[in-house]
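Below, chain A is the first sequence line, B the second, and so on; all start at residue 1. Just so we're clear, the structure is a prediction, and the values are computed from it rather than from any experiment.
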There are 2 protein chains.
Amino acid sequence: MESGGGVELTFLLGLGFQLVLGEFTRRLAEVGYADLRPVHGMAFQALKGRGATATELAERLGVTKQAAGQIVDDLERRGYVRREPHPEGGRRKLVVLTGAAREHLAVAGRILHELEAELAGSADIGALRRELARVVRALHGQDGLPPLRPVW
Amino acid sequence: MESGGGVELTFLLGLGFQLVLGEFTRRLAEVGYADLRPVHGMAFQALKGRGATATELAERLGVTKQAAGQIVDDLERRGYVRREPHPEGGRRKLVVLTGAAREHLAVAGRILHELEAELAGSADIGALRRELARVVRALHGQDGLPPLRPVW
DNA sequence: CGGGAGGGTCAAGCTGCTTTACTCACACAA
DNA sequence: TTGTGTGAGTAAAGCAGCTTGACCCTCCCG
């Protein structure tokens with residue numbers, strides 16, 4: 001069943017995601033990041049420019065501001081982010097990455113690209129990207145990308 | 001960014017799955033199945049032959065037997081499955097589908113194929129299937145398919 | 001007839017969220 | 001000056017969907 005026929009497309013998509021993400025997190029855990037879930041990496045991505053407020057982070061992650069606050073609490077306790085006074089005042093606080101988080105971003109990026117390169121030995125990754133992007137566009141439109149949330 | 005470049009492959013996979021599954025469940029909800037989650041559909045698939053024991057169902061779904069038992073409780077209460085005495089005796093009970101569940105399977109299958117046919121207008125679904133199957137095979141091997149679990 | 005293996009179930013606990021409700025800092029208008 | 005609205009943060013409780021742990025049956029086989 002090289003063609004993938006006989007298995008629902010939706011199932012195949014889920015399985016592909018699950019396996020790739022699983023392999024990614026396994027490798028991250030091997031190099032010492034067993035304490036960070038994928039959502040933490042997403043948070044780092046969302047904060048990596050100039051940082052953001054907890055509410056902005058919530059929007060980018062697609063969760064409530066309370067949930068974002070909890071994630072920030074957790075990451076702060078473990079030294080991955082800091083809360084600084086916000087330059088524009090108010091009650092706002094600017095959540096910024098520490099060096100530890102930036103290092104994680106670098107390692108995670110490297111692992112992702114290694115994994116993709118390895119997969120390129122078995123599949124046509126260019127075609128996969130292209131068709132996935134088309135599907136995403138068909139279902140979501142062209143205006144940006146929605147937050148990636150845990151699936152069911 | 002028709003090519004999908006600039007976005008991580010893993011992210012794109014997750015987004016694709018999330019959007020397709022979301023559209024699928026939305027359509028199912030529209031025709032009256034708002035009370036059934038994807039895992040229930042997976043359970044129906046796992047039971048659709050001659051049924052199975054709760055423990056077998058647990059293996060096929062990749063959860064503990066207690067969790068499978070809860071799912072069966074829930075589905076039984078709502079009339080989608082029955083517990084019958086198992087032909088081979090013991091403490092075993094055979095969980096079998098009712099007509100309501102078989103009807104759901106038929107409707108869900110129809111919706112999946114409609115959705116896929118629509119997406120075929122925007123993307124090369126054959127290529128997508130093929131490359132996904134290759135990725136799955138590269139990461140999991142050829143021996144069957146692992147259970148699809150909620151992702152992170 | 002006495003273990004023990006396999007299957008089912010009860011109960012408690014946990015995680016990662018959500019909902020509800022509140023507090024605080026500022027802006028701006030009366 | 002007051003006061004009132006708005007946006008950000010936070011505290012507390014609740015909840016879904018699992019897991020872990022413990023136990024109870026039924027049968028088989030020595």
Side-chain angles (χ1 to χ4, degrees), chain A residues 14 18 21-22 25 34-43 46-47 50-78 80-96 146-152, chain B residues 14 18 21-22 25 29 34-43 46-47 50-78 80-96 147-152:
Chain A
Q18 171 175 305
L21 185 65
T25 54
D35 57 336
L36 290 176
R37 288 179 300 130
V39 69
H40 298 131
M42 306 281 300
L47 295 172
R50 318 171 173 201
T53 67
T55 298
E56 285 163 354
L57 178 60
E59 282 164 11
R60 296 180 197 174
L61 294 182
V63 299
T64 61
K65 57 182 183 173
Q66 291 89 333
Q70 289 176 22
I71 291 170
V72 171
D73 285 344
D74 183 31
L75 291 174
E76 186 174 40
R77 195 170 38 74
R78 283 152 48 189
Y80 288 108
V81 305
R82 274 193 311 274
R83 282 181 165 105
E84 298 186 345
H86 196 286
E88 297 178 26
R91 286 209 74 183
R92 270 174 286 193
K93 297 175 187 174
L94 191 61
V95 181
V96 297
L148 180 54
R149 296 291 323 275
V151 184
W152 102 76
Chain B
Q18 170 174 305
L21 183 65
T25 54
D35 57 337
L36 290 176
R37 288 178 301 131
V39 69
H40 298 132
M42 306 280 301
L47 296 172
R50 315 171 174 203
T53 67
T55 298
E56 286 164 354
L57 178 61
E59 282 164 12
R60 296 180 196 172
L61 295 182
V63 299
T64 60
K65 59 181 182 172
Q66 291 89 332
Q70 289 176 22
I71 290 170
V72 171
D73 285 344
D74 183 31
L75 291 174
E76 187 174 40
R77 195 172 36 76
R78 283 153 48 189
Y80 288 108
V81 304
R82 275 193 313 273
R83 283 179 164 107
E84 299 186 343
H86 196 285
E88 298 179 24
R91 286 211 75 184
R92 269 174 285 192
K93 297 175 187 174
L94 191 62
V95 181
V96 298
L148 180 53
R149 299 290 323 275
V151 185
W152 104 76

Atom CD1 of B:I71 and atom P of C:dG8: how far apart are they, to the nearest Å? 14 Å

Tell me: CZ of B:R60 to P of C:dG7, nearest whole Å? 12 Å

Does any non-hydrogen side-chain atom of B:R149 lie less than 4.5 Å from one of A:Q18? yes

Kindly compute the distance separating CD (B:Q66) from OG1 (B:T55), expressed to the nearest 0.5 Å. 9.0 Å

A:E88 or A:G62: which one's nearest nucleotide on DNA chain C is closer to the 5' end? A:G62

Please give, in whole Å, the distance from C:dT15 C1' to B:R149 CZ? 14 Å

Short N/O separations, protein against nucleotides 9-11 of chain C, under 3.5 angstrom:
from  : atom 1 : to    : atom 2 : distance (Å)
C:dT9 : OP1    : B:K93 : NZ     : 2.6
C:dT9 : OP2    : B:R83 : NH2    : 3.4

Check for a donor-acceptor pair, side chain of A:R82 on one end and backbone N or O of A:V96 on the other, with a separation under 3.5 Å. no

Between C:dC26 and A:R92, is there an OP1 or OP2 to side-chain N/O distance shorter than 4.0 Å? no

Nearest whole angstrom, please: distance from the P of D:dA16 to the CG of B:D74. 11 Å

Write down the distance between NE2 (B:H40) and C1' (D:dC18), rounded to a whole number of angstrom. 13 Å

If you only use heavy atoms from C-beta on, which nucleotide in C:dG16, C:dT18, D:dA8 is closest to the side chain of A:T53? D:dA8

Between P on C:dG16 and CG on A:L36, what's the gap in Å once rounded to a whole number? 12 Å

Contact check, side chains of B:L75 and B:V95, non-hydrogen atoms, under 4.5 Å: no

Considering just the side-chain nitrogens and oxygens of B:T64, establish if one lies under 4.0 Å of OP1 or OP2 belonging to D:dC18. no

Do the side chain of A:E56 and the main chain of A:L47 share a donor and acceptor less than 3.5 angstrom apart? no

Between C1' of C:dG7 and CD of B:E56, the distance in whole Å: 10 Å

I'd like to know if A:D74 and A:R37 make a salt bridge, using a cut-off of under 4.0 Å between side-chain N and carboxylate O. no

Between atom NE2 in A:H86 and atom C1' in D:dG7, what is the gap in whole Å? 12 Å

For the backbone of B:V72 and the side chain of B:R83, can you confirm whether one donor and one acceptor N or O come within less than 3.5 Å of each other? no

